[in-house]
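First the structure, in the form of structure tokens, and then the observations on it.
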There are 2 protein chains.
Amino acid sequence: MRIGELARRTGVTPRALRYYEEQGLLTPERRPSGYREYGDRDVDAVHGIRTLLAAGLNSAAIAEILPGLPLPGQRQAGPTCPELLDGLARERARITRQMDELAAARAILDAIMGAEAPSEVIRTPRA
Amino acid sequence: MRIGELARRTGVTPRALRYYEEQGLLTPERRPSGYREYGDRDVDAVHGIRTLLAAGLNSAAIAEILPGLPLPGQRQAGPTCPELLDGLARERARITRQMDELAAARAILDAIMGAEAPSEVIRTPRA
DNA sequence: CTTGACTCTGCCGTCGGCGTGAAGGTCTAG
DNA sequence: CTAGACCTTCACGCCGACGGCAGAGTCAAG
């Protein structure tokens with residue numbers, strides 16, 4: 001498919017898709033005309049990229065770890081890289097820390113809401 | 001205390017502290033010389049600000065909700081503002097969503113690590 | 001008085017993930 | 001053939017939370 005369709009199927013703008021390619025996250029084929037040609041697997045890849053970006057990973061980190069993504073079987077040209085595992089572990093730790101920070105921030109908000117709410121039942125009790 | 005001491009006691013640079021003031025998050029007194037004079041409560045305030053910033057709230061949002069922070073009693077000049085609760089709820093929802101996204105991203109990393117790790121015991125099992 | 005540490009107010013720089021044109025090729029329906 | 005939708009490559013703009021520097025004032029110690 002071409003970039004427009006991939007954009008529609010992923011909810012990501014063409015500009016962002018070109019940016020991902022520039023960062024080495026996607027490597028679509030090219031038609032003789034120069035048009036990019038994407039495969040169906042790229043839909044999943046883009047979703048993965050978006051999830052990882054939303055988690056605060058930068059494109060360099062994603063580029064490093066994303067080659068292991070497809071996950072159909074474990075048949076991957078990957079050399080089961082040693083330093084790759086390092087990067088994965090680091091990012092995982094970052095995410096866990098970030099979750100803790102979010103929990104702390106939410107606790108602050110809850111404390112304020114609890115003090116601020118006119119002694120009603122607490123809204124959105126726990127989620 | 002002056003800005004340098006507050007900086008040391010909070011681990012935040014003087015530049016950042018001035019920025020927080022510029023954004024209305026801190027309102028230190030001024031000596032006749034123009035020097036900022038902070039109170040002990042500002043130490044806690046800065047920690048709160050840092051936590052909220054780390055959770056992705058921008059300074060405008062923090063400025064909106066932070067007046068309810070001190071929490072010594074509930075004696076607060078606050079009018080138990082109605083729209084304040086709205087902002088609080090919105091930010092809380094944002095945080096919860098963000099935690100979900102982080103969990104999803106971590107799951108991706110775990111999947112890759114699980115496939116990539118040479119069938120050893122999984123590192124950092126659950127945290 | 002002088003030195004050195006500290007502080008003040010500007011104001012420009014940075015970084016990442018794009019948005020937003022501009023200027024020009026491609027492709028397909030009628 | 002032509003219009004219109006789609007695509008290409010530059011290349012500048014943006015935003016938020018500061019970093020960093022310049023030029024100048026403040027203040028306690030010796």
Side-chain angles (χ1 to χ4, degrees), chain A residues 1-39 42 45-66 87 91 94-95 98 101-102 105, chain B residues 1-39 42 45-66 87 91 94-95 98 101-102 105:
Chain A
M1 83 198 73
R2 295 182 302 183
I3 199 169
E5 187 180 347
L6 181 59
R8 277 188 301 268
R9 288 176 62 179
T10 57
V12 172
T13 66
R15 177 65 178 91
L17 294 175
R18 295 194 190 99
Y19 177 72
Y20 297 158
E21 179 181 2
E22 184 185 328
Q23 300 300 308
L25 309 184
L26 295 175
T27 50
E29 305 291 315
R30 291 300 186 124
R31 294 186 179 177
S33 64
Y35 282 24
R36 292 170 177 83
E37 183 69 22
Y38 296 91
D42 288 325
V46 170
H47 286 143
I49 291 170
R50 295 257 68 197
T51 299
L52 294 174
L53 279 177
L57 281 78
N58 57 33
S59 51
I62 299 178
E64 192 181 357
I65 70 174
L66 194 138
E91 293 302 332
R94 253 191 16 77
I95 289 176
Q98 180 68 11
E101 293 177 348
L102 287 173
Chain B
M1 83 197 72
R2 295 181 304 182
I3 199 170
E5 186 179 347
L6 181 58
R8 275 188 300 267
R9 288 176 60 178
T10 57
V12 172
T13 67
R15 177 66 178 89
L17 294 174
R18 296 193 190 98
Y19 176 72
Y20 297 158
E21 179 180 4
E22 185 184 328
Q23 300 301 308
L25 309 185
L26 295 174
T27 50
E29 306 290 315
R30 292 298 185 125
R31 295 186 179 178
S33 64
Y35 282 23
R36 292 168 178 83
E37 184 67 23
Y38 296 92
D42 287 324
V46 169
H47 286 143
I49 291 170
R50 295 259 63 191
T51 298
L52 295 174
L53 280 176
L57 281 78
N58 58 33
S59 51
I62 299 178
E64 191 181 359
I65 70 174
L66 194 137
E91 293 302 332
R94 253 192 14 79
I95 289 176
Q98 180 70 10
E101 293 177 348
L102 286 174

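From a predicted model like this one, the values you see are computed outputs, not experimental measurements.
Note: CD1 (I49(A)) to P (dG16(C)) measures 17 Å, nearest angstrom. One interatomic measurement links the two molecules: CD of E22(B) to P of dG16(D), which rounds to 12 Å at whole-angstrom precision. Spacing between atom CZ of R8(A) and atom C1' of dC7(D) amounts to 12 Å, rounded to whole angstrom units. In this structure, L26(A) atom CG and dG17(C) atom P are separated by 14 Å, rounded to whole Å. Going from atom CZ of R2(B) over to atom C1' of dG25(D) covers 13 Å, rounded to whole Å. Counting to the nearest Å, the C1' atom of dG10(C) and the OH atom of Y19(B) are 16 Å from each other. The CD1 atom of I3(A) sits 17 Å away from the P atom of dT26(C) (whole-angstrom rounding). Between Q23(A) atom CD and dG16(C) atom P the separation is 9 Å, expressed in whole Å.
Note on Y20(A): every side-chain N or O is 4.0 Å or more away from OP1 and OP2 of dG17(C). Applying the 4.0 Å criterion to OP1 and OP2 of dG25(D), one finds that R31(B) has every side-chain N and O outside that range. A sub-4.0 Å separation between OP1 or OP2 of dT8(D) and a side-chain N or O of R36(A) is present. Between T13(B) and dG19(D) there is a side-chain N or O to OP1 or OP2 distance below 4.0 Å. Here S33(B) does not reach the OP1 or OP2 of dC8(C): none of its side-chain N or O atoms lies under 4.0 Å away. Side-chain N/O atoms of R18(A) include one lying less than 4.0 angstrom from OP1 or OP2 on dT8(D).
Checked by atom type and distance alone, the side chain of R30(B) pairs as donor or acceptor with a backbone atom of G34(B) at under 3.5 Å.
In terms of position on DNA chain D, the residue among Y38(A) and L57(B) whose nearest nucleotide sits closer to the 5' end is Y38(A). Nearer to the 5' terminus of DNA chain C, by closest-nucleotide assignment, is the contact made by P14(B) (compared with the other of A16(A) and P14(B)). Where R30(A) and S59(B) each meet DNA chain D at their nearest nucleotide, the meeting point lying more 5' is that of R30(A).
Defined by atom type and a distance below 3.5 Å, a donor-acceptor pair is present between the side-chain atoms of Y20(A) and R50(A).
By the 4.5 Å heavy-atom criterion applied to side chains, E64(B) and E91(B) are not counted as neighbours. You'll find the side chain of R18(B) reaches within 4.5 Å of the side chain of I3(B), heavy atoms only. Looking only at side-chain heavy atoms (C-beta outward), V46(A) and Y38(A) stay at 4.5 Å or farther from each other. Looking at heavy atoms from C-beta onward, D42(A) lies out of side-chain contact with L17(A) at the 4.5 angstrom threshold.
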Give every pair of a protein N or O atom and an N or O atom of nucleotides 20-23 of chain C that lie under 3.5 Å apart, one pair per line with the distance.
unit_1: dT20(C); atom_1: O4; unit_2: R15(A); atom_2: NE; d: 3.0

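The base of dC27(D) lies outside donor-acceptor range of the side chain of Y35(B), with no N or O pair under 3.5 Å.
Salt bridge R36(A)/E21(A): present, at least one basic N to carboxylate O contact under 4.0 Å.
Heavy-atom minimum distance, A63(A) versus Q23(A): CB-O, 3.9 Å.
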